[in-house]
Peer 1: 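The following block contains the structure, expressed as structure tokens.
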Amino acid sequence: MAAHPATETIAAIATAPGTGGIGIIRISGPEALSLLGKIFVPRIPRTHFTSHTLYYGTIVNRHGQTLDEALAVYMRGPHTYTREDVVELHCHGSYLVLHSILRILITWGCRLAEPGEFTKRAFLAGRIDLTRAEAVIDLLQAQTEAGARLAVNQLQGQLFDRLEAVRQHLVEYLALLEVAIDFPDDDVEIFDAGQIAARLHPDVIAPLEHLIILAEQGKIVREGVKVVIAGRPNVGKSSLLNALLQEERALVTPVPGTTRDTVEERIDIRGIPMHLVDTAGIRRHEDPVEALGIERARRKLAEADLVLLVVDAQTGMLPRDCELYESVRHKPHLVVLNKCDLASEGQVEGLAGAFAAAVAVPVSAQRGKGIEALQEAIYRAIASGGEFTDQIACAPNTRHRAVLLRTVAACRRFSRAMEEGASVDLLAVEVQSALDDLGDIIGLTTPDEVLDAVFSRFCIGK
Ligand SMILES: Nc1nc2c(ncn2[C@@H]2O[C@H](COP(=O)(O)OP(=O)(O)OP(=O)(O)O)[C@@H](O)[C@H]2O)c(=O)[nH]1
Ligand SMILES: [Mg+2]
């Protein structure tokens, strides 16, 4: 990757907005050191700042007036975040003071950094690849411990290393093809299509397909899933929400139509974040407020990753339950047979048997019975068949996944072309196309608009 030496020096407040113990201003670029000399007066006068050393002193404006006491560090490139010269000013955490310091830096010719610009410079300087740059933002925005762990692993190159291993195989195939193109009359067969065709799956396609599966699992671990509790009024939906949360969160009464608005809470089941939504009981109703609640419930159902359809085990399936079941059966769903304490064993078994394809879980929300088994069933439904592991070490994001799918398609075209005995020129085109796709993921050939989209997700100062 070509280095892009930046000419402009940029600065930003690197700590979060608000009042804090300390607030840090970060400066990066060729003028960083000279700016330090202008704005910072060390307690012990000196003409030279040693790299990576902390100095105590004061921050001054253009008239020499003191704005704050601070610790300052100058870090000479390339052993810095951006590979450029970097200065950090550790001031008191007053946003007002930090802003005035920033304004003074700008009067000295510094430019305010754009969101993610420090990390973008690190990427453009070749210190980190694009997957590592994306890991920085994932880490800052991680919602769960598992999500943070994935981000750290990616920052340490777990994804890059796997992609690079695959890329090296493709580079080798392309090199062989290029020699074959350059020496068409050679007696020895330089590019042995049979041998490469046998290697392509284990070397390239299988590892990429595995990454695609990991991407799907990673999305669940990072963002969680939406689990919507639905059913007709009074079957015990709110009681079930409370039982899963182990907290009296939603109102429970014997009056049908108790829940009007949706109630949303977060729980973790075996490390997977779940957004649990309790909804208004679905029925035809004249009351305009309840009708609005029911409309909202239907919308939530449409967005659900998993539906828990609650049925009253004592009354069994009424026509309204059957209608609701028809409307959710095409989605991932579980049937929860609630109020089992009021039904006989035979009743429960008969009811469960009515749902051939679906998993029906008997519970008593009121008594907290069967809740653990339900959690297990929810986990298995999300994991779709038990291949899921919440301990995955690396997970491509949505952008990577789209490119991985393209890469696999290119590899399959390459494979077919080899089978059909295509010319080495044509084979080289397919390998190059797969290589370009992989290059997009790690940032070798990524188009500018994709880079802009990646870095615009950052906050200022990172
Ligand atoms: N015996 C028994 N009663 C239950 C059970 N679960 C809920 N109930 C009772 O059923 C009634 C309705 O419970 P809710 O949790 O409010 O039902 P809901 O489905 O949220 O009702 P709406 O919000 O009106 O749609 C309450 O009186 C609960 O105490 C259970 O497992 N066993
Ligand atoms: Mg309710």
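Every number for a ligand or one of its atoms is a count from 1 in the order of the listing.
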Peer 1: In a check of side chain to side chain contact (heavy atoms under 4.5 Å, CB included) between Leu71 and each of Ile24, Ile22, Leu54, which one passes?
Peer 2: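 The single option meeting the side chain to side chain contact (heavy atoms under 4.5 Å, CB included) with Leu71 is Leu54.
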Peer 1: Which residue and atom name correspond to the protein heavy atom nearest atom 28 (C) of ligand 1, and how close is it?
Peer 2: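 Going by distance alone, atom 28 (C) of ligand 1 is nearest to Val252 CG1, 3.6 Å.
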Peer 1: Counting each atom of ligand 1 from 1 as listed, which ones have a heavy atom of Val235 under 4.0 Å away?
Peer 2: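 Contacts of ligand 1 toward Val235, numbered from 1: 19 (O).
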Peer 1: List ligand 1 atoms under 4.0 Å from Ser364, heavy atoms only on the residue side.
Peer 2: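 Within the 4.0 Å cut-off of Ser364, ligand 1 contributes 30 (C), 31 (O), 32 (N).
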Peer 1: From the options Thr253, Val363, Leu251, select the one whose nearest heavy atom is closest to atom 26 (C) of ligand 1.
Peer 2: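 That would be Thr253.
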Peer 1: Any luck finding a side-chain donor-acceptor pair between Glu265 and His275 under 3.5 Å?
Peer 2: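 Distance-only check fails for Glu265 and His275.
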Peer 1: Using a 4.0 Å heavy-atom cut-off, say whether Leu342 meets ligand 1 through its side chain, its backbone, both or neither.
Peer 2: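 Side chain only; the backbone of Leu342 stays clear of ligand 1.
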Peer 1: Considering only the protein, which heavy-atom contact is closest to atom 6 (N) of ligand 1, and what is its distance?
Peer 2: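 Here the closest protein heavy atom is Asn338 ND2, 3.1 Å.
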Peer 1: Under 4.0 Å from a heavy atom of Asp341: which atoms of ligand 1 are those, numbered in the order shown and with their elements?
Peer 2: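 Near Asp341, meaning under 4.0 Å from one of its heavy atoms, ligand 1 has 1 (N), 2 (C), 30 (C), 31 (O), 32 (N).
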Peer 1: Is there any N or O on Cys340 that sits under 3.5 Å from an N or O of ligand 1?
Peer 2: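 In this structure, Cys340 places no N or O atom under 3.5 Å from an N or O of ligand 1.
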Peer 1: Let's go through Ser238 and Asp278 carefully: what are the C-alpha distance in whole Å and the side-chain angles of both, what is the deciding distance for side chain to side chain donor-acceptor pair (under 3.5 Å) to 0.1 Å, and is it a yes or a no?
Peer 2: CA-CA 6 Å; Ser238 302; Asp278 176 26; 2.6 Å; yes
Peer 1: Which atoms of ligand 1 are found less than 4.0 Å from any heavy atom of Ser238?
Peer 2: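 Reading through ligand 1 atom by atom, the close ones are 15 (O), 18 (P), 20 (O).
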Peer 1: Evaluate the side chain to side chain donor-acceptor pair (under 3.5 Å) criterion for residues Glu84 and Ser28: first the C-alpha distance (whole Å), next the side-chain angles of each, then the deciding distance (0.1 Å), finally the verdict.
Peer 2: CA-CA 6 Å; Glu84 303 169 345; Ser28 179; 2.5 Å; yes
Peer 1: Of all the atoms in ligand 1, which lie at a distance below 4.0 Å from a heavy atom belonging to Pro254?
Peer 2: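 Within the 4.0 Å cut-off of Pro254, ligand 1 contributes 27 (O).
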Peer 1: Just which atoms of ligand 1 are under 4.0 Å from any heavy atom in Lys237?
Peer 2: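 So the atoms of ligand 1 that pass are 15 (O), 17 (O), 18 (P), 19 (O), 20 (O), 21 (O), 22 (P), 25 (O).
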Peer 1: Can you see whether Asn397 engages Glu134 through a side-chain donor-acceptor pair at a distance of less than 3.5 angstrom?
Peer 2: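 Result is yes, a qualifying pair exists.
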Peer 1: Using a strict 4.0 Å cut-off to heavy atoms of Thr258, name the atoms of ligand 1 that fall inside it.
Peer 2: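 Those of ligand 1 that fall under 4.0 Å from Thr258 are 22 (P), 23 (O), 24 (O).
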Peer 1: Do the charged groups of Glu117 and Arg111 touch, with an N to O distance under 4.0 Å?
Peer 2: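 Looking at Glu117 and Arg111, the cut-off is met.
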Peer 1: Of the protein's non-hydrogen atoms, which lies at the shortest distance from atom 2 (C) of ligand 1, and what is that distance?
Peer 2: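 Minimum-distance protein heavy atom for atom 2 (C) of ligand 1 reads Gln366 OE1, 3.3 Å.
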Peer 1: How far is atom 15 (O) of ligand 1 from its nearest protein heavy atom, and which residue and atom name does that atom have?
Peer 2: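 Scanning the protein heavy atoms, the shortest distance from atom 15 (O) of ligand 1 goes to Ser239 OG, 2.6 Å.
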Peer 1: Does the structure place the NZ or CZ of Arg329 under 6.0 Å from the centre of the six-membered ring of Phe355, at an angle of no more than 45° from the ring's axis?
Peer 2: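 Because its charged atom misses either the 6.0 Å distance or the 45° angle limit, Arg329 does not stack over Phe355.
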Peer 1: Below 4.0 angstrom, N of the basic side chain to O of the carboxylate: do Asp268 and Arg266 qualify?
Peer 2: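 A salt bridge links Asp268 with Arg266.
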Peer 1: Got a salt bridge between Glu164 and Arg167, using NZ or NE/NH1/NH2 to carboxylate O under 4.0 Å?
Peer 2: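 Salt bridge present between Glu164 and Arg167.
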Peer 1: Take Tyr74 and His52 through the test ring pair (Phe, Tyr, Trp, His ring centres under 6.0 Å) and record every step on the way to the result.
Peer 2: CA-CA 6 Å; Tyr74 158 63; His52 292 80; 8.1 Å; no
Peer 1: Hey, is Pro256 touching ligand 1 through its side chain, its backbone, both or neither, going by heavy atoms under 4.0 Å?
Peer 2: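 The answer is the backbone.
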Peer 1: Taking the basic N atoms (NZ, or NE/NH1/NH2) and the acidic carboxylate oxygens, is any pair closer than 4.0 Å for Lys369 and Asp341?
Peer 2: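 Salt bridge: no.
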Peer 1: Between Ala313, Ala365, Gly370, Pro362, which one has a non-hydrogen atom sitting closest to atom 31 (O) of ligand 1?
Peer 2: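 Among Ala313, Ala365, Gly370, Pro362, the closest heavy atom to atom 31 (O) of ligand 1 belongs to Ala365.
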Peer 1: Find all atoms of ligand 1 within a distance of less than 4.0 Å from any non-hydrogen atom belonging to Pro233, and give their numbers and elements.
Peer 2: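 Those of ligand 1 that fall under 4.0 Å from Pro233 are 25 (O).
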Peer 1: Which is it for Thr259 and ligand 1 at heavy atoms under 4.0 Å: side chain, backbone, both or neither?
Peer 2: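 Near ligand 1, Thr259 shows its backbone as well as its side chain.
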Peer 1: Take the Mg ion (ligand 2) as the centre and count protein N, O or S atoms at distances under 2.8 Å.
Peer 2: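 Protein heteroatoms (N, O, S) closer than 2.8 Å to the Mg ion (ligand 2) number 2.
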Peer 1: Within 45 degrees of the axis of the six-membered ring of Phe458 and under 6.0 Å from its centre: does Lys120 put its NZ or CZ there?
Peer 2: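 No cation-pi geometry.
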Peer 1: Would you say Val255 contacts ligand 1, with heavy atoms under 4.0 Å as the rule?
Peer 2: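 Yes, that is the case, since the closest heavy atom of the residue is under 4.0 Å from the ligand.
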Peer 1: Please work out which of Lys339, Gln314, Glu290, Arg367 has its closest non-hydrogen atom nearest to atom 8 (N) of ligand 1.
Peer 2: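 Closest candidate by heavy-atom distance is Lys339.
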Peer 1: Determine, for Asp440 against Arg406, whether the closest basic-nitrogen to carboxylate-oxygen distance falls under 4.0 angstrom.
Peer 2: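 Counted as a salt bridge, because a side-chain N and a carboxylate O are separated by less than 4.0 Å.
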Peer 1: State which residue, out of Gln347, Arg232, Lys339, fulfils the side chain to side chain donor-acceptor pair (under 3.5 Å) condition with Thr315.
Peer 2: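 With Thr315 as partner, side chain to side chain donor-acceptor pair (under 3.5 Å) holds for just one option, Arg232.
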Peer 1: Nearest protein heavy-atom contact for atom 12 (C) of ligand 1: which residue, which atom, what distance?
Peer 2: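 I find the closest protein heavy atom is Asn234 OD1, 3.1 Å.
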Peer 1: Is the ring pair Phe123/Phe455 parallel, tilted or perpendicular, if the boundaries are 30 and 60 degrees?
Peer 2: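 Rings of Phe123 and Phe455: tilted, as their planes differ by 30° to 60°.
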Peer 1: If you count every heavy atom of other residues, nucleotides or ligands that lies below 6.0 Å from Glu345 atom CD, does the total exceed 12?
Peer 2: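 Incorrect, the count does not exceed 12.
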